[in-house]
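Structure, as structure tokens:
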Amino acid sequence: MRKTRSVAVAAGLASLALVVTACSSTPAGEGEGDPIIIGHAADFSGDYSFYDSPMRAGAELAIDEINKAGGVLGRPLEYRAIDGRDDQAETLRATEELLDAGAVYLIGTTGSPWAAQATLSCEAGVPISTGDGTSPDLVGQIGECAHHVIMSDNVQAAVAAEYALEQGWTTAFVMRSSDDPYTDGVPNYFTDTFTQGGGTIVGETEFRIGAGDYNVQATEIANLPEQPDFIFTPIFVSDTQVFLRQLRAQGVTTQVVGADGAVDASVLDAGDAAEGLIATFHAWPNDGDARIAKFIDDYTAFHGSAPESMVAGLGYDEIYLIAQIIEAQGEASAEAIIRGLADAQFTGVTGSLTMDPTTRRANKEITLVKIENGEIVYLDSLSPKHVPAVPGD
Amino acid sequence: MDTLLDVRGLVAGYGPITVLHELSLHVGRGEIVAILGANGAGKSTLLQALVGMIRPTAGAVAFDGHDVNGNSPEQIVRRGMTLVPEGRRIFSKLSVMENLRMGAYSRRDRAVALEQMDRYFELFPVLADRRNQAAGTLSGGEQQQLAICRALLSNPSLLLLDEPSLGLAPVIVDKVFELIATLRDETGLTIVLVEQSVVDALEIADRAYVLSNGRFTAEGTSEQIAELDLEANYLGGDNA
Amino acid sequence: MTVELLVQQLINALSLGSIYALLALGLAVVYSVLGLLNFAYGEIITIAGYCMFFLVSGGMDFWYAAIFGVIAAIATSLLIQLVAFRPLRGAPANAVIFASFAVSIIIKALISNVISPRPRGIPVPSWVDGVIQLGSFRLPILALITIAIAVVAMVALTWALHYSTPGLAIRAAAEDFTVTRLMGAPAGRLILLAFVLSGILAGIAGVLWIARTGSVSPAMGFTPLLQSFIAIVLGGLGNLRGAVIGGFALAFIEVALQVLLPTAVVPFTAALTLVAVVVILYFRPQGFSKLAQERVA
């Protein structure tokens, strides 16, 4: 979902870590029948475990299925997940450990240590993904090995804007937070597409992530001279619940549109206040989609409970994507995977994707969901007509 | 005379540092005993050891027939030994009345304490006038009266006074010492008085001990001690 | 700004300030007696929250569960004193501070591993999110409840601290712990009482906090700890009345900055709030403690 970065510092730290470990890293052998190692150094206990833990749970299921079906190129997949606790040093240490073990591909962490981790991985020539990080400007800064294999914020924000325009909603009030590139970037991309399509932004306000209180913003919206057609905000759980309740408590009934950070079962805790919320997301089970339903059944059988978050589907798909690439390349090396990722086409439980070789990001359809009668339900799937440009592309 | 406090071979200090070396002293019921000594002689340490703020490493302390060595401050105050600490240490943010209520904290018979308060207000009229005022607004002399009155409300049989003259104007010092003498005369209270101000202390004390570097170097009646020319022989060196 | 908007933002600040004031009081009461900060203070709220979560999930009414939440807060506060403070009495302050840090980390890790790192929702009765329309003024019910409960709690605490003997001893100990012991107040019981009061205050504040966030998470104690820490520094460390003033001041600064500053500057609200605090402390190094003292006199 979101991702913070401080690339310069991170790169410096990563290079330092590399110097320390350069002597000890030995690539694993390529022998027949040896397991192919896929690593996942991410946050399984801190704030981002919200996203990284479901990714892991989904990946575990995919690994199990693939190995039961005979592995890839006749070799089993070995999945190693290490907790970096959203700590830069811990994450780097975990990443080194995986690289030393001979991992040919890494799933990155969704949290801020990603930039440092990805720099380290790239120095070793091993491809790495952004985890559940959706900011489109992430991989461009790191280099050839970094790949963004899920939806991007510029695309999901554009879909939110075009969906609203399609409904005839032409005025929007935007709520953003500059605390994080995600909560700052999404409103920018939204504004770009929305105004391009003829919509008007009637006002904008700032919020603080994790403030626990959004009465100031709710009061401001309640006292707008005229209510807009809808409020657009990338505010994410658990802040979403607080904001929605405080907004409704001020007597505001205006439609709220959000992004993927708001799509989590916990948003339903807001009760009546969450009713009617519309948000963009990776994918969502709907009546016509048997694939997701089967995934949820298999997941439940494997883990003993239904997925806590649909982010599990992303981890599941990522493993299948890599397996497909290794199979197609006929070789389980880091170089082969990078080659294969460049123009990969893949269909998984969270939809179909086509990798763009110039941006190294996936083009993927976006799903819209809505909260109705205390449930998150599928609303629509769209590809935007106007995709906002990403700075640095 | 009936002995109220009997200390034998008391050794005490802070951590590895021994301050008091085998002190022995006794205080009879109704006596005023002065403990004289220069700064750093160990006077305050002695009082702290007596009231249980620091634990003696050796020796015996008998108070009112009970072995109180190693008791906690709250146990000792309940036995009837109360300290008026150096620098008065009144609760400046609390009102005068609240300070006095704290003085009676250790007592079960708080109703009796309230009656006594009226009696003490006759002795300390200024406190009666300012009972609802924050104690920090009192003058130094008034604060010393409050500190003494607060200690009296615990209904002690032995009152320990640590440098009551400290930081007070000479005129006020005289009044405070006068008050201490009156207390003994009117209530029969036993008093141990720790002082640097030798002349004032000896004026009201019956007996005195001279403490120097953690040891008693002289003891006797006030008259005997007064003849020793303490300032020159015992205290002068330490004061430098 | 219209009068309506001004009044509503004032109510927002008041209700946020009520929570901060209770939180700050709870942290200050232990600091005032022991001279040590309890860095596991936030976890008192976390445990109270999870206790409520389990009870409400089991079908109990939110406000009944709140009572048990406060009880759990008291128990946690006592447990922290037993584990982190009591064994280290007389030890250097650093040791105790690290011990309370350790307790905080352990509680967080336990909840994260045993229950879940993910936030859990506590459904709050929907009438709480209602609003009372008074002429042209909109008064959110939760804000009114928050202010009312906080005022009752603070009046009760003030009464107890002034008119009960143990309460008086706490105030005396806040000023001079040694002399309070010399007056016969048992040190152990005073410390215990301070932790009980701290637990009650954190519990009540926690319930009000949860009523507004509607969820619990392993790390939920951090913001309350941070805000109460800023509030008691602002109020003059160890000064109870100062803690209340500090709590309200912090809320008013936060709300005022968000309302008055241009949108472009709002992201820096948190930083600017701290700048405001530093400026206040520059001119009043004792925080508001002097002010608080004058009011007693």
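Here the structure is a predicted model, which is why all the values come from computation and not from measurement. Letters A, B, ... are given to chains in the order of the sequence lines, protein chains preceding strands, and every chain is numbered from 1.
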Inset, instruction - Name the member of B/Arg101, B/Arg150, B/Arg78 that forms the most heavy-atom pairs with chain C at distances under 4.5 Å. - result: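 Answer, by heavy-atom pair count under 4.5 Å with chain C: B/Arg101.
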If you take all heavy atoms of [X] and [Y], which pair is closest and at what distance?
{"X": "B/Tyr105", "Y": "C/Ala169", "value": "CE1-CB, 3.7 Å"}
{"X": "C/Asp176", "Y": "B/Phe91", "value": "O-CE2, 3.7 Å"}
{"X": "B/Val77", "Y": "C/Gly184", "value": "CG1-CA, 3.3 Å"}
{"X": "B/Met102", "Y": "C/Met183", "value": "O-CB, 3.5 Å"}
{"X": "B/Glu98", "Y": "C/His162", "value": "OE2-CD2, 3.5 Å"}

Atom [atom1] of residue position [X] - does it have more than 12 heavy atoms of other residues, nucleotides or ligands inside 6.0 Å?
{"X": "B/Arg107", "atom1": "CZ", "result": "yes"}
{"X": "C/Phe222", "atom1": "CZ", "result": "no"}
{"X": "B/Tyr14", "atom1": "OH", "result": "yes"}

Inset, instruction - Nearest 0.5 Å please: distance from the CD atom of C/Glu175 over to the CG atom of B/Asn99. - result: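 The distance works out to 7.5 Å.
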Legend entry - Interatomic spacing from CG in B/Leu94 to CZ in C/Arg171 - rounded to 0.5 Å: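 Going from the CG atom of B/Leu94 to the CZ atom of C/Arg171 covers 4.5 Å.
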Inset, instruction - State, yes or no, whether a side-chain contact exists between C/Leu182 and B/Thr82 at a heavy-atom distance under 4.5 Å. - result: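 No, their side chains stay 4.5 Å or more apart.
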Inset, instruction - May I ask you to decide whether C/Arg189 forms a salt bridge with B/Glu74, counting only side-chain N to carboxylate O separations under 4.0 Å? - result: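 Salt bridge absent between C/Arg189 and B/Glu74.
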Legend entry - Heavy-atom contact with chain C under 4.5 Å, split by part of B/Ile90: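 The backbone, not the side chain.
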